[in-house]
Amino acid sequence: MSILKTIQKIIEKVLADMGISQSLDFKVEVPPQDDLGDFSTNAAFLCSKILRKSPKVVADEISEKLRQLDTFVRVDNINGFINMFLDHSVYQMTCAGIISNPRNIGKSNIGNGENIQFEFVSPNPTGPLTIAHGRQAVIGDVLCNIFDESGYNVQRELYINDAGQQIEYLSKSVWIRYNELFGIKHELPEDGYHGEYIIDVAKEFKNEYGDKYKDIWNEEVNDFFKEYSLKKMLSMIKQTLKRLGVNFDVYFSEKLLIKEKIVSRILDTLEKSDSTYAKDDAVWFKVSKYIDENDKVLIRSTDNRATYFCDDIAYHYYKYHRGFTKVYDIWGADHQGHIPRMKASMKALGIPDDFFNVILHQFVTLKKGDEVVRMSKRAGNFVTLDDLIEEVGTDATRYFFAMIDPDTPMNFDLELAVKKSSDNPVFYVQYAHARISSILKQAEERKIDFKMFEGLSEVKEKEELLLIKELSLFSNVVAEAAKNRKTNFITTYLEKVSSRFHTFYTKHSILNTDNSQLIQARLNICLATKIILERGLALLGVSAPDKM
RNA sequence: GUGCCUGUGGCUCAAUUGGAUAGAGCAUUGGACUGCGGAUCCAAAGAUUGCCGGUUCAAUUCCGGCCAGGCACGCCA
């Protein structure tokens, strides 16, 4: 059990002894200044209302009881905050605990094996992935890692929008470029795809099929071009995701919804709950029955096909019946207006309110120093996710996207991301890891017989204790990250650990002392730190290099 | 106009979701190695948390009203 949890339990017991029967949501935390105490709690504030006494008086009472326990060497209270100091042995044991169980150190079971799904990236398969997809991919992938670590049964899914109008434009665009290769000019429609990559696909097509489809356009040809272009686009997208280190469990095709007749099923269900009506030759969903918004079309009058909204309802209905208790969709901020009506539709289908969840992220601006790099969908000057990975590497791409709160509009500084100095948080953390690796190797070269768990009773310096205390918080940080769905909790934490380590390293010699037990102790601290850094970086999908 | 997001030292971001003297990094200034990676560390200076009210032991956080920026308000996705 982590130190935090142990203290929590102790305080719970003390409160019970004081006659407080209800469970209070008090916190055990690290005080804002190191010298205030090792850990602190706000329990007195919460009790003061129940006991009808001032926080200060309650804090005195609680502190007095805590002092009687031998867990604490000292208990202070200031302005109602109770600050506790622990015996060094607690940290010595914590360090040993990390080393003895490296694989499970961040794991918890708050998820209790619950089946959940994250759906993200879900592109139109009509072009390369963009920077925004990159942010989404990283947020999604890292959250999956975090939830996985927290005891959830997580599935990663990407939805392929491969049945709509956009695919028609794609196929036509490729066909037109293909014909251009034979000198045959057709007007590329405004709605078509103008990017360079379309020409590449056309060239590949020509290499495979020659002039077989030159200047021939009918339904059959269209289908053929559709299938071909779609395959190319998907393999391009998958390749980019692979470079980014993101792997999906399921690639879900929109076509499957049609094949399985899910759309007609939900239309029936919605009709039964009196949530639809016909008007102007279209079928509408009564959004206004559930929330204060306008009704939306489900089936278009123009071609009798389902709208995006309708497909999305069907898709999420299907997800529900696939057995997930919760799904999380990660969407760009431009889809925010879609959320309330989706929630309304879930309600209409009788799906529990907490099933459908959306994590929104704000947009990304690229910066090179002070200069803003403009992105636009027009061919030529639009920066793809591939371009970004090419420029700064997978590690920096992932770390940077993970370190910014999804709600914050992000400035991605290309110059900073490739810097090899402490300005760059990726390098700062990775450097700490590499430094430790180097020390451990050095110990080996000096023929020091490193023994795990040995010498830990020598641990008593402030910098050692602060470092271990930080390490002890890891499992808690992972759990909080899951609860709050914040990937940046992990990056912030790793930077803190790295900083604590560098401070410890600078102040205390690890290998160059004549106390062999102390050398053992400090090597153990190094190993524990290395384990935590590795585990944390693994959650981010960022490498932990031994050399840089 | 309506809804959502954002506003924190010169810059980029935090703040354990209502807690203590609002924290880091960059930039600025001044320091620290004849030993394990100086790609590091220590310190100084720099903030009326956009503005005004409210709620309470306590507000960057919650509520109301303004101001500024972004996004969305289609039989597009």
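Throughout, protein chains are lettered first and strands after them, A, B, ... in sequence-line order, and every chain is numbered starting at 1. Just so it is clear, the model here is predicted, and its values are computed rather than measured.
- Using a distance-only test at 3.5 Å, with no hydrogens or angles considered, no donor-acceptor pair links the side chain of A/Asp546 to the main chain of A/Ala434.
- Within the structure, every pair that satisfies the salt bridge (Lys or Arg N to Asp or Glu O under 4.0 Å) test and touches residues 328-338 of chain A, not counting sequence neighbours, is listed here: A/Lys319-A/Asp329.
- Within the model, atoms CZ of A/Phe400 and OG1 of A/Thr491 stand 10.5 Å from one another, a figure rounded to the nearest 0.5 Å.
- Atom C1' of B/C4 sits at a distance of 29 Å from the matching atom of B/G23, rounded to the whole Å.
- Remark: the separation of the C1' atoms in B/U12 and B/U6 is 15 Å, to the nearest Å.
- With sequence neighbours excluded, no residue satisfies salt bridge (Lys or Arg N to Asp or Glu O under 4.0 Å) with A/Glu444.
- Interface residues of residues 434-449 of chain A facing RNA chain B, ordered by number: A/Ala434, A/Arg435, A/Ser438, A/Ile439, A/Gln442, A/Arg446; criterion, heavy-atom separation under 4.0 Å.
- Only one option out of A/Ile330, A/Ile404, A/Thr397 pairs with A/Arg135 in a side chain to side chain contact (heavy atoms under 4.5 Å, CB included); it is A/Ile404.
- Judged as a salt bridge (Lys or Arg N to Asp or Glu O under 4.0 Å), the pairs with a partner in residues 510-526 of chain A (not counting sequence neighbours) are, in order, A/Glu464-A/Arg522.
- The residue among A/Phe504 and A/Asn484 whose nearest nucleotide of RNA chain B lies closer to the 5′ end is A/Asn484.
- Under the side-chain contact (heavy atoms from CB on, under 4.5 Å) criterion, A/Thr94 pairs with A/Ile3, A/Val90, A/Ile98, A/Ile468, A/Ser472, sequence neighbours left out.
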Check your understanding: Once each nucleotide of nucleotides 18-24 of chain B is scored for protein heavy atoms under 4.0 Å, what B/S/- sequence comes out, 5' to 3'?
Key -> -BB----
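- Checked by atom type and distance alone, the side chain of A/Asp280 never pairs as donor or acceptor with a backbone atom of A/Ser301 at under 3.5 Å.
- Regarding the sugar-base torsion, B/U17 falls in the syn class, its angle being within 90° of 0.
- Closest to the A/Tyr431 side chain, of the nucleotides B/U40, B/A15, B/C36, is B/U40.
- When the side-chain nitrogen and oxygen atoms of A/Thr503 are compared with OP1 and OP2 of B/C42, one or more of them lie within a distance under 4.0 Å.
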Tabulate atom names and distances for all N/O pairs under 3.5 angstrom spanning the protein and nucleotides 8-13 of chain B.
residue, atom, partner, partner atom, Å
B/C13, OP1, A/Asn411, N, 3.3

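- With A/Lys343 contributing its side chain and A/Phe356 its backbone, the two residues share a donor-acceptor pair below 3.5 Å.
- Where pairing requires Watson-Crick or G-U contacts shorter than 3.5 Å, the helical stems of RNA chain B with at least three consecutive pairs are B:1-7 with B:67-73, B:10-13 with B:23-26, B:28-32 with B:40-44, B:50-54 with B:62-66.
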Practice item. Quick one, give me the B/S/- string for nucleotides 72-77 of chain B, reading 5' to 3', where B means a protein heavy atom under 4.0 Å from the base and S means that only happens at the primed atoms, P, OP1 or OP2. Key: S--BSB
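- Residues that satisfy the salt bridge (Lys or Arg N to Asp or Glu O under 4.0 Å) test with A/Lys279, not counting sequence neighbours, are absent from this structure.
- Rounded to whole Å, the separation between the P atoms of B/G25 and B/G53 comes to 35 Å.
- The base of B/U6 lies outside donor-acceptor range of the side chain of A/Asp407, with no N or O pair under 3.5 Å.
- Separation of the C1' atoms belonging to B/A39 and B/U60 is 34 Å when rounded to the nearest angstrom.
- Between atom OG of residue A/Ser173 and atom NE2 of residue A/His194 there is a gap of 7.0 Å, rounded to the nearest 0.5 Å.
- Put simply, A/Tyr505 has no side-chain N or O that comes within less than 4.0 Å of OP1 or OP2 on B/G35.
- No donor-acceptor pair under 3.5 Å is formed between the side chain of A/Asp76 and the backbone N or O of A/Asn83.
- With salt bridges taken as basic N to acidic carboxylate O contacts below 4.0 Å, one links A/Glu61 and A/Lys53.
- Residue pairs meeting the salt bridge (Lys or Arg N to Asp or Glu O under 4.0 Å) criterion with at least one partner in residues 286-306 of chain A, sequence neighbours excluded, are A/Asp274-A/Lys286, A/Arg300-A/Asp303.
- Sorted by first and then second residue, the pairs that involve residues 32-41 of chain A and meet side chain to side chain donor-acceptor pair (under 3.5 Å), not counting sequence neighbours, are A/Asp34-A/Arg500, A/Asp38-A/Tyr91.
- For the C1' atom pair drawn from B/G9 and B/U29, the interatomic distance equals 16 Å after rounding to whole Å.
- In summary, the aromatic rings of A/Tyr493 and A/Phe474 are positioned with their centroids under 6.0 Å apart.
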